[in-house]
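Following: one structure in structure tokens, then a few remarks.
Order of the sequence lines sets the chain letters (A, B, ...), proteins ahead of strands, with each chain counted from 1. As the structure is a prediction and not an experimental result, all values here were calculated from the model.
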2 protein chains.
Amino acid sequence: MSTAEETTGGEVEPWEEVTPDAARRLLVAAVEAFAERGYHATTTRDIAGRAGMSPAALYIHYKTKEELLHRISRIGHDKALDILRTAARREGSATRRLADAVSSFVRWHAGRRTTARVVQYELDALGPDARAEILALRRQVDAEVRGIIEDGVAAGEFDVLDVHGTTLAVLSLCIDVARWFSVDGPRTPEEVGALYADLVLRMVGAE
Amino acid sequence: MSTAEETTGGEVEPWEEVTPDAARRLLVAAVEAFAERGYHATTTRDIAGRAGMSPAALYIHYKTKEELLHRISRIGHDKALDILRTAARREGSATRRLADAVSSFVRWHAGRRTTARVVQYELDALGPDARAEILALRRQVDAEVRGIIEDGVAAGEFDVLDVHGTTLAVLSLCIDVARWFSVDGPRTPEEVGALYADLVLRMVGAE
DNA sequence: GCCGACGGTGAGCGAGCGCTTAGTGCGGCC
DNA sequence: GGCCGCACTAAGCGCTCGCTCACCGTCGGC
């Protein structure tokens, strides 16, 4: 509940903005391969094979293997930022908005774990320009969370000693979900989202 | 304070258990290279070059590139587990022991970030047998933290709804320090350790 | 019914990979 | 002082990588 659209446990691919169809199939294949084996260990032959195409077909739609990673990273960060902004801009107390932001952000990192893994852990494989672009998006992500925490402190809802440090810890906690979450594990993305929202409210001294 | 020995901000290498000297130099070079570029993107020529040797020298001391990663991972996990055990076995309340465990564990992940990065993020590059061995160590790490939290709950010091979930979150928070911590950043490992100890005590409802 | 555009293929290039092997220089022991 | 053992090197093998190129089938417009 909240970001609406897809809060599914399994991973339905919302890459509908990527066209044509062949380019999208290649991109989805690349997300899976990068998430499973890492960018450097993934071969262009593997990506093309997963998409049911010959190795050469990849280069009709993408200039290089790195361009694939860049596109994935850009779209993923846009989506993550969108989720946080939606929660941050909603009506309600800072407590409610923070719980909302954390639970939807965590649900995304758990439910769409393959995408989140690539987005969060393969940043170093990008070249300097692409990396700089993505880092700018990350600063916006940080600013959204920090904004809610500052609101809560100003309203007297939160008791926080170090706003920047706490923001960092909250985001770190959410992001790392992509590393350990498993669909075979005992928890659903919704359960982890609820647990984490509670833990984060404790961290900021809410209630 | 607490784990004593090396709480240095910079990274003094305590690989003195690795002998002879040439093998240690290669291993230290491998840690740096793996941390900077990842296991798959690192070449054996790069490792040997950093150690001031020819590419072939590596194979006198290690059978394969993977054996290097395995040795690093094993030693690193042993050290991390040792740090947690030392804190967990100390005299004092669960609150004190948890704060101690988190702050020393975090100090290690921040101060020895290059090692921690390899240890925590390159696990998937190991073969099945080596990975199984390392995963067993991770379960012991988990058990140490869970033990302290259970003690605190039993003693009425902590207020925790989901012990397993909270243990997971606490460890996740600490481990992810290796991803974002930078020696050029505004915080020392000691400061992050103190901040995180406070945040974790809040998460378990201490005080 | 032919034709050009275009998404796609098969084969393969040059480079760099992990790893091997034949040989070299040097320190320690009789 | 001669020789053995061994840590180390120069060269290179076989392979796979990212990427390219000459070619091909299909499909809409006239």
Side-chain angles (χ1 to χ4, degrees), chain A residues 15-73 118 122-131, chain B residues 15-73 118 122-131:
Chain A
W15 299 103
E16 71 263 3
E17 65 262 58
V18 182
T19 53
D21 179 68
R24 177 171 52 250
R25 271 158 50 218
L26 284 164
L27 193 125
V28 169
V31 170
E32 284 170 11
F34 292 161
E36 272 177 33
R37 314 154 54 81
Y39 176 79
H40 290 292
T42 299
T43 69
T44 54
R45 283 162 176 84
D46 182 23
I47 296 169
R50 285 173 193 248
M53 297 176 179
S54 75
L58 195 150
Y59 295 92
I60 295 164
H61 300 282
Y62 302 96
K63 277 220 301 288
T64 61
K65 178 176 140 182
E66 195 196 317
E67 192 195 326
L68 264 168
L69 178 60
H70 183 198
R71 285 264 240 276
I72 292 165
S73 200
V118 178
E122 301 293 345
L123 182 69
D124 291 344
L126 290 172
D129 292 355
R131 182 158 59 238
Chain B
W15 299 102
E16 72 260 2
E17 67 261 58
V18 182
T19 53
D21 179 69
R24 178 172 49 248
R25 272 158 49 218
L26 284 164
L27 192 126
V28 169
V31 170
E32 285 170 10
F34 292 162
E36 272 176 33
R37 315 156 54 81
Y39 175 79
H40 290 293
T42 299
T43 69
T44 53
R45 285 163 174 84
D46 181 22
I47 296 169
R50 284 174 193 247
M53 297 175 180
S54 76
L58 195 151
Y59 294 92
I60 294 163
H61 300 282
Y62 301 96
K63 277 220 302 288
T64 62
K65 177 175 138 181
E66 195 196 318
E67 192 195 325
L68 264 168
L69 178 61
H70 183 197
R71 285 265 241 273
I72 292 166
S73 200
V118 177
E122 301 293 345
L123 182 68
D124 291 344
L126 289 172
D129 292 354
R131 181 158 61 238

Exercise for the section: Check for a donor-acceptor pair, side chain of B:Y62 on one end and backbone N or O of B:A23 on the other, with a separation under 3.5 Å. Expected result: yes
Practice task
Using atom NE2 of A:H61 as one end and atom P of D:dG18 as the other, report the distance to the nearest whole Å.
Solution key: 18 Å
Practice task
Please confirm whether the backbone N or O of A:E66 pairs with a side-chain atom of A:Y39, one donor and one acceptor, at under 3.5 Å?
Solution key: yes
Practice task
Please state how far atom CG in B:D46 lies from atom P in C:dG16, giving the value in whole angstrom units.
Solution key: 14 Å
Practice task
Answer whether the closest heavy-atom distance between the side chains of B:M53 and B:L58 falls below 4.5 Å.
Solution key: no
Completion exercise
When rounded to whole Å, the CD1 to P distance for the pair B:I47 and C:dC17 reads 11 Å
Exercise for the section: For B:R50 and B:A30, indicate whether the former's side chain and the latter's backbone hold a donor-acceptor pair under 3.5 Å. Expected result: no
Practice task
Please report, rounded to the nearest Å, how far the P atom of C:dT9 is from the CG atom of A:L26.
Solution key: 10 Å
Exercise for the section: Please confirm whether the backbone N or O of B:P55 pairs with a side-chain atom of B:R45, one donor and one acceptor, at under 3.5 Å? Expected result: no
Practice task
Under the salt bridge (Lys or Arg N to Asp or Glu O under 4.0 Å) rule, collect the residues that match up with A:R37, sequence neighbours excluded.
Solution key: A:D46
Restricting both atoms to N or O, compile the protein contacts to nucleotides 18-25 of chain C shorter than 3.5 Å, with distance only.
| from | atom 1 | to | atom 2 | distance (Å) |
| --- | --- | --- | --- | --- |
| C:dG18 | OP1 | B:T42 | O | 3.2 |
| C:dG18 | OP1 | B:K65 | NZ | 3.0 |
| C:dG18 | OP2 | B:T44 | N | 2.9 |
| C:dG18 | OP2 | B:T44 | OG1 | 3.0 |
| C:dG18 | N7 | B:R45 | NH1 | 2.8 |
| C:dG18 | O6 | B:R45 | NH2 | 3.1 |
| C:dC19 | OP2 | B:Y59 | OH | 2.9 |
| C:dC19 | OP2 | B:K65 | N | 3.0 |

Practice task
Starting from P on C:dG7, measure out to CD1 on A:I60 and report it in whole angstrom.
Solution key: 7 Å
